[in-house]
Amino acid sequence: MVTIKNDDSNQMNNWEKAKRSNHNLDHSPLGESSNKDKETEELIETLIKKDAEIKKTEIQIRRNKKNIKYMEQSKTWKYSRPLRIITSLFTKLTGRKEEKAQTEYINQLKADLHNTQKELYQTRENLQEMMLDDRKLDSNKVIELVRSAKEDGNLIDYIEKVTQNKEVHDANYIKVLRYAARVFMNDKTEYRNLAYTKVIEGLKIEDIPEFIIRAGLDEKAIPLKQAASFRASLNIRMRQKQLVEPLPEWLLDNKQDAYAFIEKLAVKKPWFSDKKYKMGEIPQQEGIVIKPADGAGSRGVYLVYSFNDIVDIKRSQSLDSWEALKANMEKDIISKWVDEDEWMMEELILESTEEKIPASDVKFYCFYGKVGLILEITRFPELKYCWWTAAGERIRTGKYDEDLFKGKGFTDNELALAADISLNIPAPFIRIDFLRSQHGLVFGEFTPKPGNYDEFDQHTDQWMGDNFIEAQGRLVNDLINRKQFKDYQELIESLDK
């Protein structure tokens with residue numbers, strides 16, 4: 001008969017520790033869980049495994065008892081009693097030698113059985129993995145497949161097949177994860193919440209089942225941080241832009257309208273020409289910046305210190321004449337770096353006039369009255385980035401990790417300025433970009449959709465997603481309470497005239 005050694009007192013002590021611990025599975029602002037949270041997770045995982053082992057052993061004990069009882073009550077057992085007695089006497093007479101050989105043989109069989117079971121278990125694991133993901137291609141092979149399909153004119157068909165395979169692939173994983181969560185539905189709350197939290201990590205927002213979302217509303221709720229995503233929120237916002245034009249923040253994407261709005265808020269801005277120029281019509285003037293009328297980033301941006309001292313920001317190249325400037329601008333148009341031959345002029349802002357250091361960029365990711373991230377950029381002599389939290393901590397976000405530098409940071413007043421500006425815009429998110437001059441920050445532009453926002457790592461994306469959702473809530477509450485966005489409304493009225 002199988003016996004079970006179960007230290008009930010230790011089991012209860014561990015269980016009480018888990019229940020009493022501050023079980024918060026949520027992450028810190030950038031998604032890194034505390035040591036205490038990890039210890040609690042590990043403790044609960046241990047308890048789950050121990051409980052499962054106990055239940056499995058108890059089931060085996062009941063089966064063994066039932067089999068023994070059945071055997072003892074059978075006629076075969078009763079009638080074989082004389083044979084068992086004779087066998088016992090024969091064993092005693094033949095001595096221990098044969099018994100030893102049998103014991104060794106049995107032990108060998110047990111070892112073989114153990115190895116066979118281990119191989120079977122591994123085979124089952126491999127089979128399950130193959131059923132869910134039967135293709136493993138490295139990135140080089142994938143790139144080669146795509147290039148080959150494009151060259152053969154079959155890329156569209158290839159995309160369709162890959163899409164179909166991915167749908168089946170994802171469906172299998174979703175079924176497994178959903179069912180894995182479902183089997184914990186009626187388990188202990190701590191077990192259930194840990195299982196749900198693990199399952200959510202493998203699901204997209206739309207794949208999380210309702211019963212898990214429901215658990216997020218319980219008294220002992222699980223954090224639904226995986227349901228938040230900055231990239232998903234902006235993607236949905238772009239779809240809103242297609243369906244409901246215009247969105248408030250996109251009105252400010254126009255440089256001239258942005259300057260008109262920022263003037264109402266009495267925020268420092270550079271001088272700029274409200275006229276758009278063709279490349280050959282730009283007046284020769286020193287101390288200006290020339291940039292595309294409709295562009296983003298540093299493509300087609302030129303700093304004109306003097307007629308023989310011009311900097312091509314994107315190429316990190318110095319030009320010594322106006323003719324060289326026009327030649328590079330022409331290259332910008334031909335290469336499609338710049339979409340149209342329409343250019344703007346504005347005041348050249350310098351961080352140091354004596355050393356001719358161009359203004360660095362300080363970009364505030366604003367969520368209706370709250371700053372999430374700050375990106376500091378230097379563009380010359382080389383492009384470098386520095387990410388900050390609103391608390392003034394340098395961090396990594398998954399973007400530009402290979403080109404980071406130790407930035408100068410920002411002041412509390414500058415942080416408050418960006419937050420206050422965003423409170424005047426009826427939108428959950430907008431990035432407010434400034435230039436750092438030798439006399440402080442100067443407004444640059446509004447950016448409703450930052451480039452490559454999909455490149456943030458998962459922790460940053462989820463944390464920013466929470467910021468977006470919270471901003472939506474604050475904005476809705478203010479609108480319900482009839483907040484008047486006076487300066488913004490005046491801008492709209494002036495544009496309608």
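All values below were derived from every heavy atom in this structure, side-chain atoms included, with hydrogens, water molecules and symmetry-related copies excluded. Just so we're clear, the structure is a prediction, and the values are computed from it rather than from any experiment.
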Would the distance check show the side chain of [X] and the main-chain N or O of [Y] forming a donor-acceptor pair, the cut-off being under 3.5 Å?
X: Asp187; Y: Val183; value: no
X: Thr447; Y: Lys449; value: no
X: Asp253; Y: Glu249; value: no
X: Tyr385; Y: Asp401; value: no
X: Gln462; Y: His459; value: no
X: Asn254; Y: Gln256; value: yes
X: Thr389; Y: Glu393; value: yes
X: Lys269; Y: Ala258; value: no

Atom pair [atom1] ([X]) and [atom2] ([Y]), whose distance is rounded to the nearest 0.5 Å:
X: Ser321; Y: Asp309; atom1: OG; atom2: CG; answer: 11.5 Å
X: Gln472; Y: Ser233; atom1: CD; atom2: OG; answer: 6.0 Å
X: Glu414; Y: Leu441; atom1: CD; atom2: CG; answer: 3.5 Å
X: Lys384; Y: Phe405; atom1: NZ; atom2: CZ; answer: 9.5 Å
X: Ile432; Y: Ile421; atom1: CD1; atom2: CD1; answer: 5.0 Å
X: Met279; Y: Asp332; atom1: CE; atom2: CG; answer: 9.5 Å

Under a 4.0 Å N-O cut-off, is there an ion pair linking [X] with [Y]?
X: Glu330; Y: Lys326; result: no
X: Glu376; Y: Arg394; result: no
X: Lys175; Y: Asp207; result: no
X: Arg231; Y: Asp461; result: yes
X: Lys268; Y: Glu263; result: no
X: Glu445; Y: Arg431; result: no

Going by atom types alone, do [X] and [Y] pair a side-chain donor with an acceptor below 3.5 Å?
X: Asn308; Y: Asp320; answer: no
X: Thr353; Y: Gln438; answer: yes
X: Tyr400; Y: Asn452; answer: no

Could you tell me whether the side chain of [Y] reaches within less than 4.5 Å of the side chain of [X], counting heavy atoms only?
X: Gln240; Y: Leu247; result: yes
X: Phe307; Y: Glu286; result: yes
X: Tyr277; Y: Ile290; result: no
X: Lys483; Y: Leu423; result: yes
X: Tyr305; Y: Leu350; result: yes
X: Ile310; Y: Ser318; result: no
X: Ile288; Y: Glu347; result: no
X: Leu234; Y: Pro450; result: yes

* To do: Starting from the C-alpha separation in whole Å, work towards a yes-or-no answer on side-chain hydrogen bond (donor to acceptor under 3.5 Å, both in side chains) for Glu351 and Ser360.
  => CA-CA 7 Å; Glu351 197 162 333; Ser360 56; 3.0 Å; yes
* To do: Give the ring-plane orientation class for Phe429 versus Tyr365, where under 30° counts as parallel, over 60° as perpendicular and anything between as tilted.
  =>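 It falls in the tilted class, 30° to 60°.
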[X] and [Y]: which non-hydrogen atoms are nearest, and at how many Å?
X: Val338; Y: Gly300; answer: CG2-CA, 4.0 Å
X: Arg237; Y: Pro428; answer: NH2-CD, 3.6 Å
X: Gln242; Y: Arg239; answer: OE1-NH1, 2.8 Å
X: Lys264; Y: Leu491; answer: CE-N, 3.9 Å

* To do: Check the pair Ile425, Leu252 against side chain to side chain contact (heavy atoms under 4.5 Å, CB included), reporting the backbone distance first and the verdict last.
  => CA-CA 9 Å; Ile425 304 168; Leu252 301 173; 3.6 Å; yes
With sequence neighbours left out, write down each residue that passes ring-ring contact (aromatic ring centres under 6.0 Å, His included) with [X], or none if nothing qualifies.
X: Tyr368; answer: none
X: Phe272; answer: Tyr259
X: Phe456; answer: Trp387

* Going by the side-chain contact (heavy atoms from CB on, under 4.5 Å) test, name the single residue among Glu160, Glu167, Lys161 that passes it with Thr163. =>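 By the side-chain contact (heavy atoms from CB on, under 4.5 Å) criterion, Thr163 pairs with just one of Glu160, Glu167, Lys161: Glu167.
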* side chain to side chain contact (heavy atoms under 4.5 Å, CB included) between Asp433 and Phe446, worked out -> CA-CA 6 Å; Asp433 302 347; Phe446 290 109; over 6 Å; no
* To do: Go through the steps for Lys331 and Arg315 under the test side chain to side chain contact (heavy atoms under 4.5 Å, CB included), then give the verdict.
  => CA-CA 11 Å; Lys331 290 178 185 177; Arg315 297 183 178 90; 3.6 Å; yes
* Looking at Phe184, does the NZ or CZ of Arg192 lie under 6.0 angstrom from its six-membered ring centre and within 45 degrees of the ring axis? ->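 No, Arg192 and Phe184 do not form such a contact.
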* Asked: Within 45 degrees of the axis of the six-membered ring of Trp250 and under 6.0 Å from its centre: does Lys241 put its NZ or CZ there?
  ->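 Yes, Lys241 lies over the aromatic ring of Trp250.
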* To do: For Val362 and Ile374, run side chain to side chain contact (heavy atoms under 4.5 Å, CB included): C-alpha distance rounded to whole Å, both residues' side-chain angles, the deciding distance at 0.1 Å, then the answer.
  => CA-CA 7 Å; Val362 185; Ile374 301 94; 3.7 Å; yes
